[in-house]
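Numbers restart at 1 for each chain; the letters A, B, ... are given by sequence-line order, proteins then strands.
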2 protein chains.
Amino acid sequence: MFIPDDVCDLVQIDLARVRALRAALTAPETVQTLADTFSVLGDPTRVRILDALSHGELCVCDLAAVLRLSQSAVSHQLRLLRGLRLVRPRRDGRVVFYSLDDQHIMAIFRQTLQHVEEDQSAKGATGARGAKGAEGRRR
Amino acid sequence: MFIPDDVCDLVQIDLARVRALRAALTAPETVQTLADTFSVLGDPTRVRILDALSHGELCVCDLAAVLRLSQSAVSHQLRLLRGLRLVRPRRDGRVVFYSLDDQHIMAIFRQTLQHVEEDQSAKGATGARGAKGAEGRRR
DNA sequence: TGAACATATGAGCAGTTGCTCATACGTTAC
DNA sequence: GTAACGTATGAGCAACTGCTCATATGTTCA
């Protein structure tokens with residue numbers, strides 16, 4: 001679909017500003033990287049894995065036991081988390097222990113929770129159903 | 001699928017720890033909320049929208065023009081962002097201006113970029129393809 | 001009131017995701 | 001070597017996502 005510089009013909013539409021803004025936008029690769037990272041964090045199972053690992057390193061099968069997930073499911077998810085260097089493996093014999101690879105993640109979790117909590121207290125719960133199906137996404 | 005307390009039968013597997021950890025885990029609703037929020041942030045289009053709005057409020061059609069997206073696409077995404085209170089609408093006649101609803105988001109972006117950058121510098125680029133298809137996801 | 005316009009939303013489709021199942025890989029013990 | 005075991009991974013399927021198209025809603029102005 002073709003989208004011209006000016007989409008609507010209101011006077012208020014600020015064409016100069018539109019063009020200036022385009023130059024000020026974050027680079028596409030950076031945007032993609034941000035989105036990829038958030039995408040990986042945007043799954044309850046992976047959040048739970050990171051949460052569990054925040055208490056210390058765990059082998060795959062203990063992780064599966066803690067979260068009541070299959071070994072395969074955990075392993076698949078760890079692969080993704082490894083890919084973004086959110087977790088780090090350490091082999092000891094046939095057991096592989098995983099730990100958080102980075103302090104930032106927990107800081108990001110904290111900050112995000114702050115956002116959510118500020119929401120609920122400061123603004124009341126009008127239609128706070130979290131858009132994307134905050135409920136009913138588990139299978 | 002049934003998943004017992006202990007998945008594997010190695011001696012190293014720490015059953016007591018598994019049980020203790022279960023009690024220490026973050027509450028399911030909190031996990032879901034975190035995941036929902038990250039899920040919304042985990043899309044390039046929405047990241048771009050938030051990035052654009054970080055420079056100041058914009059009406060829907062200017063936003064569409066800046067990002068070269070259809071009005072419909074932008075509106076659908078704004079709906080999601082509104083749902084999680086990441087953006088806030090302000091009506092002025094028939095024009096609706098959107099702005100960031102929260103300072104936290106930009107802080108989260110910054111922190112996440114720090115994580116990514118630390119990756120690339122400190123750890124070299126061995127297999128840094130970001131798992132989930134960092135490239136080739138645009139259509 | 002009705003035309004024009006900015007925005008919102010429902011339906012539908014192609015692409016993606018997270019799981020399970022089956023199986024391969026890597027290490028240890030015999 | 002081979003058996004056992006912890007982990008990793010490919011295929012495949014059901015559910016979900018983000019877009020477009022068509023259309024509804026809400027506001028302004030004549």
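- Close to D:dT7, at under 4.0 Å from its OP1 or OP2, lies no side-chain N or O of A:S75.
- Dashed line: the shortest gap from a side-chain N or O of A:T45 to OP1 or OP2 of C:dG18 is not under 4.0 Å.
- Straight-line distance from the CG atom of A:L78 to the P atom of D:dT7: 10 Å, rounded to whole Å.
- A donor-acceptor distance shorter than 3.5 angstrom exists from the side chain of A:D43 to the backbone of A:R46, with no hydrogens or angles considered.
- Between A:Q77 and C:dT17 there is no side-chain N or O to OP1 or OP2 distance below 4.0 Å.
- Going from atom CG of B:L80 over to atom P of C:dA8 covers 13 Å, rounded to whole Å.
- Heavy-atom distances to DNA chain C give each of A:D43 and B:V60 a nearest nucleotide, and the one nearer the 5′ end belongs to B:V60.
- For B:R46, a side-chain nitrogen or oxygen approaches OP1 or OP2 of D:dG18 to under 4.0 Å.
- The shortest distance between the side-chain N/O atoms of B:R94 and the OP1/OP2 oxygens of D:dC29 is not below 4.0 Å.
- Rounded to an integer number of Å, the gap from B:R90 CZ to C:dT7 C1' is 15 Å.
- Rounding to whole angstrom units, CG of residue A:D36 and P of D:dT17 are separated by 17 Å.
- The nearest whole Å value for the distance from the CD atom in B:E57 to the C1' atom in C:dA6 is 15 Å.
- Among all heavy-atom pairs drawn from A:L63 and A:V74, the shortest one is CD2-CG1, 4.0 Å.
- What separates CZ of A:F97 from P of C:dT27 is a distance of 15 Å, to the nearest Å.
- With hydrogens and angles ignored, no donor-acceptor pair under 3.5 angstrom links the side chain of B:S72 to the base of C:dT7.
- At C:dA8, one or more side-chain N or O atoms of B:Y98 fall inside 4.0 Å of OP1 or OP2 (strictly under the cut-off).
- For B:S70 and D:dT20, the shortest distance from a side-chain N or O to OP1 or OP2 is below 4.0 Å.
- Between A:I105 and B:H115, some side-chain heavy-atom pair lies under the 4.5 Å cut-off.
- Regarding B:R79, its CZ atom lies at a distance of 13 Å from the C1' atom of D:dT25, rounded to whole Å.
- Between B:F38 and A:F38, the angle of the ring planes stays under 30°, which puts this pair in the parallel group of the 30/60° scheme.
- Of the possible donor and acceptor atoms, one in the side chain of B:R48 sits under 3.5 Å from a partner among the backbone N and O of B:L67.
- The base of C:dA6 has none of its N or O atoms less than 3.5 Å from a complementary donor or acceptor on the side chain of B:Q71.
- Whole-Å rounding puts the A:L41 CG to C:dG18 P distance at 12 Å.
- Residue A:R91 places no side-chain N or O under 4.0 Å from the OP1 or OP2 atom of C:dG26.
- Residue-to-nucleotide proximity on DNA chain D shows that, of A:V96 and A:H76, the 5′-proximal contact is made by A:V96.
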